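Bear in mind the structure is a predicted one, so any value in this text is a computation, not a measurement.
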Amino acid sequence: MREERAEDARTEARRLIRDLLGEERPDAGVLLREAGAALGADRVARCAELARGAPLTRRSTELAALAGLLVGTRDLGEEWWRRERGGKLPAPDEVLRSATAVDPWTDLTVLEMLAAWIADDVADEAWGRPVGVTDLNSWQAEDRVELPEDAAPGRRLVVSFDAGGRLDAVVIRRPDGDLGSNLDFDSLRYSRPAEAQWSWSVAAGLGPHRLDEHPDPYAQPVDAEAAGILRGWALRHGASTGQAGEPWRVRGDVIAAIERVDWMWRSGEWFAWWRAVAALADGASDRLAARLEEIAAAP
């Protein structure tokens with residue numbers, strides 16, 4: 001059942017990527033070429049530089065952000081990058097050059113921040129600025145946002161819940177005569193850049209995603225003993241030999257095995273495996289030692 005859900009997600013992601021980017025199984029080369037035509041060669045070169053600087057287990061996330069920027073730039077135009085915002089928000093071009101995240105996105109990488117920014121701008125262009133923000137970790141529908149002064153029964157108010165994510169709050173009159181609102185969860189939608197970002201991440205997977213690098217980081221050798229322990233653990237806990245692949249010798253072998261194993265759709269103990277194997281793939285030796293202890297203690 002978990003494998004079916006994983007494949008369903010990939011099928012939907014490939015469909016969205018085909019609709020948004022014209023590719024069902026995109027690779028980094030296709031993305032960089034398409035992005036260069038929309039964003040310009042200099043911006044894409046800077047984006048690729050930032051993606052190269054990320055850990056290998058995060059590279060697909062950085063490229064997914066670039067997919068969102070590509071679709072958002074197509075929607076809003078290349079001038080979006082140069083537009084001054086005033087206050088604490090510089091132009092996106094300045095953020096890309098300085099590689100410094102700004103509020104309210106300081107917990108994101110620079111590319112993730114820019115992708116969130118353009119996803120919200122496209123959402124505002126499509127549906128208007130939201131009247132408030134809500135957290136969908138709670139599915140309580142009633143009175144989740146403050147009503148504007150001109151609220152009237154039946155009016156639909158746009159509410160933000162995520163970067164590029166919107167849904168409506170419908171204004172109603174309560175039995176006591178006061179105005180309130182109910183979230184309409186059926187109205188939940190994402191802007192096109194947000195859809196592209198999610199779709200790239202799922203359809204393209206963890207990698208390897210090579211970005212014209214010499215030497216190739218995916219060809220760097222990994223700790224053979226640790227690789228044997230983690231590959232053996234995966235086999236003992238339900239991964240097939242095809243999913244685990246041949247013995248892991250280089251970082252690219254590890255990345256490819258992580259992608260094939262679909263660990264996120266497995267039972268909870270696989271999170272400890274993921275933390276350990278991510279440290280192995282990223283070449284983080286100190287973190288790897290601690291994670292191997294976790295694996296040894298896991299059932």
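Note that CD of Gln197 and CG of Leu70 are 12.0 Å apart. Values are rounded to the nearest 0.5 Å. Here Leu66 contributes atom CG and Leu114 contributes atom CG; the two are 10.5 Å apart, rounded to the nearest 0.5 Å. Considering NE2 of His209 and OH of Tyr218, their distance stands at 6.0 Å, rounded to 0.5 Å. Here the SG-CG distance, from Cys47 to Leu96, works out to 5.0 Å after rounding to the nearest 0.5 Å. Taken to the nearest 0.5 Å, the CD1 atom of Ile118 stands 8.0 Å off from the CG atom of Asp75. With rounding to the nearest 0.5 angstrom, the CD1 atom of Ile229 is 5.0 Å from the CD atom of Glu225.
Asp253 meets the salt bridge (Lys or Arg N to Asp or Glu O under 4.0 Å) test with no other residue; sequence neighbours excluded. Residues meeting the salt bridge (Lys or Arg N to Asp or Glu O under 4.0 Å) test with Arg249, sequence neighbours left out: none. For Ser138, the side-chain contact (heavy atoms from CB on, under 4.5 Å) partners are Gln140, Arg144, not counting sequence neighbours. Shown here are the salt bridge (Lys or Arg N to Asp or Glu O under 4.0 Å) partners of Asp143, two or more places apart in sequence or in another chain: Arg174. Partners of Arg59 according to the salt bridge (Lys or Arg N to Asp or Glu O under 4.0 Å) rule, which considers only residues two or more places apart in sequence or in another chain, are Glu213. Partners of Trp274 under the ring pair (Phe, Tyr, Trp, His ring centres under 6.0 Å) rule, at least two apart in sequence or in another chain, are Trp263.
Applying the ring-ring contact (aromatic ring centres under 6.0 Å, His included) rule to pairs touching residues 64-104 yields Trp80-Trp117, sequence neighbours excluded. Every pair tested for ring-ring contact (aromatic ring centres under 6.0 Å, His included) that includes a residue from residues 30-69 fails, sequence neighbours excluded, so the list is empty. Pairs passing the ring-ring contact (aromatic ring centres under 6.0 Å, His included) check and including a residue from residues 238-260, sequence neighbours excluded, do not occur. Among pairs with a residue in residues 164-194, those fulfilling ring-ring contact (aromatic ring centres under 6.0 Å, His included) read Trp139-Phe185, Phe161-Tyr190, at least two apart in sequence or across chains.
Glu34 has a carboxylate O that lies under 4.0 Å from a charged side-chain N of Arg74, or vice versa, which qualifies the two as a salt bridge. Between Asp120 and Arg166 there is a salt bridge, since a side-chain N of the basic residue sits under 4.0 Å from a carboxylate O of the acidic one. A salt bridge is absent between Asp178 and Arg173; no separation between the charged side-chain nitrogens and carboxylate oxygens falls under 4.0 Å. Taking the charged nitrogens against the carboxylate oxygens, Arg82 and Asp93 have no contact shorter than 4.0 Å, which rules out a salt bridge. Between Arg97 and Glu94, none of the side-chain N atoms (NZ, or NE/NH1/NH2) sits under 4.0 Å from a carboxylate O, so this pair counts as no salt bridge.
Crowding of Glu79 atom CD: a count of heavy atoms from other residues, nucleotides or ligands under 6.0 Å exceeding 12. Within a 6.0 Å sphere centred on CG of Asp135, heavy atoms belonging to other residues, nucleotides or ligands number more than 12. More than 12 heavy atoms of other residues, nucleotides or ligands sit less than 6.0 Å from atom CD of Glu142. Shown here is Asp42, whose CG atom has no more than 12 heavy atoms of other residues, nucleotides or ligands within 6.0 Å.
Judged by distance alone, the side chain of Glu112 and the main-chain N or O of Thr109 form a donor-acceptor pair under 3.5 Å. A donor-acceptor pair under 3.5 Å is formed between the side chain of Arg251 and the backbone N or O of Ala281. When atom types are taken as modelled, the side chain of Arg231 and the backbone of Gly245 share a donor-acceptor pair closer than 3.5 angstrom. Side chain of Thr100 to main chain of Ser98: a donor-acceptor pair is present (N/O by atom type, distance under 3.5 Å, no hydrogens or angles). Using modelled atom types, no side-chain atom of Arg192 and backbone atom of Gly72 make a donor-acceptor pair closer than 3.5 Å. In this structure a side-chain-to-backbone donor-acceptor pair under 3.5 Å is present from Ser191 to Ala119. Judged by distance alone, with hydrogens and angles left aside, the side-chain atoms of Arg260 form a donor-acceptor pair with the main-chain N or O of Gln243 at under 3.5 Å. Looking at Ser187, its side chain does come within 3.5 Å of a backbone N or O of Asp184 through a donor-acceptor pair. Side-chain atoms of Asp162 never come within 3.5 Å of backbone atoms of Gly165 as a donor-acceptor pair (strictly under, hydrogens ignored). Distance alone, capped at 3.5 Å, is enough to place a donor-acceptor pair between the Glu259 side chain and the Leu206 backbone.
Closest approach of Val159 to Ala169, counting heavy atoms only: CG2-CB, 3.8 Å. Of all heavy-atom pairs spanning Pro90 and Val95, the tightest one is CG-CG2, 3.6 Å. Of all non-hydrogen atoms in Gly207 and Ile255, the two that sit nearest each other are C-CG2, 3.6 Å. Pairing each heavy atom of Val254 with each of Val277, the nearest pair is CG1-CG2, 3.5 Å.
At a threshold of 4.5 Å between non-hydrogen side-chain atoms, the residues Asp168 and Leu183 do not count as touching. Side-chain contact between Val250 and Gln220: absent, with no pair of heavy atoms (C-beta onward) separated by less than 4.5 Å. The shortest side-chain heavy-atom distance between Asp282 and Arg287 falls under the 4.5 Å cut-off. Leu56 has its side chain within reach of Pro217: a pair of non-hydrogen atoms, C-beta onward, lies under 4.5 Å apart. Residues Glu269 and Glu294 are not in side-chain contact: their nearest non-hydrogen atoms beyond the backbone lie 4.5 Å or more apart. Counting heavy atoms from C-beta outward, Leu157 and Leu147 have side chains that approach closer than 4.5 Å.
Using a 4.5 Å cut-off between side-chain heavy atoms of Ile, Leu, Val, Met, Phe, Trp and Tyr, with links allowed through other members, Ile172 and Leu167 fall into different hydrophobic clusters. Taking hydrophobic clusters as Ile, Leu, Val, Met, Phe, Trp and Tyr residues chained together by side-chain heavy-atom distances below 4.5 Å, Leu111 shares a cluster with Leu108.
Counting side-chain heavy-atom gaps under 4.5 Å among Ile, Leu, Val, Met, Phe, Trp and Tyr, the cluster of Val158 also holds Trp127. Grouped with Val133 in a hydrophobic cluster is no other residue, since no side-chain heavy-atom contact under 4.5 Å to another Ile, Leu, Val, Met, Phe, Trp or Tyr is found.
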* To do: Show your working on salt bridge (charged side-chain N to carboxylate O under 4.0 Å, His left out) between Arg43 and Glu78 and close with a plain yes or no.
  => CA-CA 11 Å; Arg43 291 190 186 102; Glu78 185 265 346; 2.8 Å; yes
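Under the 30°/60° scheme for interplanar angles, the aromatic rings of Trp233 and His237 are found to lie parallel.
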